[in-house]
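Encoded as structure tokens, the structure appears first; notes follow it.
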Amino acid sequence: MAETHNLQDLQHQAAVASKVYVQRDYNSGTICRFQTKFPSELESRVDRQQFEETIQTLNNLYAEAEKIGGKSYLEGCLACMTAYTIFLCMETHYEKVLKKIARFIKEQNEKIYAPLGLLLTDPIERGLRVVEITIFEDRSIGSGR
Amino acid sequence: MSAVMMTRKVRKWEKLPGKNTFCCDGRVMMARQKGVFYLTLFLIVGTCSLFFAFECPYLAIHLSPAIPVFAILLFFFVMAMLLRTSFSDPGVLPRALPEEATFIEMEIEATNGNVPAGQRPPPRIRNVQINGQIVKLKYCYTCKIFRPPRASHCSICDNCVDRFDHHCPWVGNCVGKRNYRYFYLFTLSLSLLTIYIFTFNIVHVVMRSVNSGFMKTLQDTPGT
């Protein structure tokens with residue numbers, strides 16, 4: 001759905017300085033993980049610990065989405081028996097966790113990153129390839145120039 | 001007085017640069033050439049309706065009513081899987097936005113260094129380590145991204161698809177990560193349905209032949 005984020009609306013008025021991309025971490029296989037390495041461009045903007053914690057939580061959420069257990073097995077069997085028509089009524093476990101991730105990113109943006117002039121984009125918008133971080137120009141009013 | 005225009009929100013599928021067609025407000029996503037898909041539909045529906053019209057009354061009475069019931073269930077399953085495969089998104093990777101494309105270009109320049117004009121640029125490859133093995137990720141010139149492992153670009157739909165298997169004209173769509181399960185179940189259930197109908201055709205012809213001779217049977221039941 002092309003629903004524009006409220007923060008994005010506000011911050012389009014601020015100039016976009018640059019974008020940083022956090023790539024996928026394939027070291028543990030093809031599961032969805034992002035590199036927790038701190039990008040140098042964010043050095044002056046955000047606390048390293050905070051950023052790594054955000055990415056780590058994101059990784060944990062994706063691991064939870066892709067987890068195969070008894071519940072997902074039952075869900076799959078039930079769906080197969082109903083010729084997948086049951087997904088017209090209910091959501092898959094993966095979709096539920098994706099919504100949870102979207103809420104998490106929105107909350108992180110509102111609480112932590114927007115006040116610092118940053119915006120995290122949900123990786124699903126980029127095909128789970130990168131986490132895009134938009135850095136907005138620092139327009140401090142009392143810059144005295 | 002400022003006139004506030006309530007512009008309609010532009011949906012993502014309307015802006016998608018690939019060669020897909022969309023229906024039902026973006027719920028249905030197919031490739032452009034749909035001719036073979038209609039043929040598939042016609043073949044499946046046609047064969048099954050002949051079976052239901054000509055064989056099932058005889059089989060229901062002389063053998064068991066469970067036979068047409070199971071055939072109907074199997075037919076609905078096959079159709080559901082076919083429609084699910086044809087209409088769903090195979091796992092199209094969104095193309096890189098201009099900023100990301102420039103970022104990747106700069107990264108490629110940095111790795112390759114300066115190439116004198118006139119020489120072919122080296123192939124754009126990114127090496128990643130997956131579980132200790134080095135895997136080369138190829139760069140897609142159309143989508144301007146480094147393709148994730150097992151992704152491939154479909155030239156018919158003009159999209160990069162994650163875990164791309166093939167573009168199936170019979171189904172009218174690519175088969176990729178997000179619709180592989182439905183495609184596999186479709187082929188499996190269709191094989192089952194074909195074998196089922198064929199078996200009961202034979203049973204039907206044999207049973208009738210026993211009663212009234214082979215040639216007369218063929219005359220009585222052209223639908224078989």
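Note that the structure is a prediction, hence the values are computed from the model and not measured. Hydrogens, waters and symmetry mates are skipped; everything else that's a heavy atom, side chains included, is used. In the text below, chain A, chain B and the rest are named by the order of the sequence lines, each starting its count at 1.
No close placement of the B:Tyr182 and B:Phe186 rings is indicated, their centers lying 6.0 Å or farther apart. A centroid separation of 6.0 Å or more is found between the aromatic rings of B:Phe51 and B:Phe75.
Residue B:Leu73: no heavy atom, backbone or side chain, is found under 4.5 Å from chain A. At a 4.5 Å heavy-atom cutoff, the contact between A:Val130 and chain B is made by side-chain atoms alone. With a threshold of 4.5 angstrom between heavy atoms, A:Arg129 approaches chain B through side-chain atoms but not through N, CA, C or O. Proximity to chain A is limited to the side chain of B:Arg126, based on heavy atoms less than 4.5 angstrom apart.
Applying the side chain to side chain donor-acceptor pair (under 3.5 Å) criterion to B:Lys138, with sequence neighbours excluded, gives no partner residue.
A side-chain contact (heavy atoms from CB on, under 4.5 Å) with A:Val20 holds for exactly one of A:Ile135, A:Leu118, A:Thr134; it is A:Ile135. Tested against B:Arg95, the residues B:Asp158, B:Asn159, B:Thr142 include a single side-chain hydrogen bond (donor to acceptor under 3.5 Å, both in side chains) partner, B:Asp158.
Top candidate by heavy-atom pairs under 4.5 Å with chain A, chosen from B:Gln133, B:Arg150, B:Arg181, is B:Arg181.
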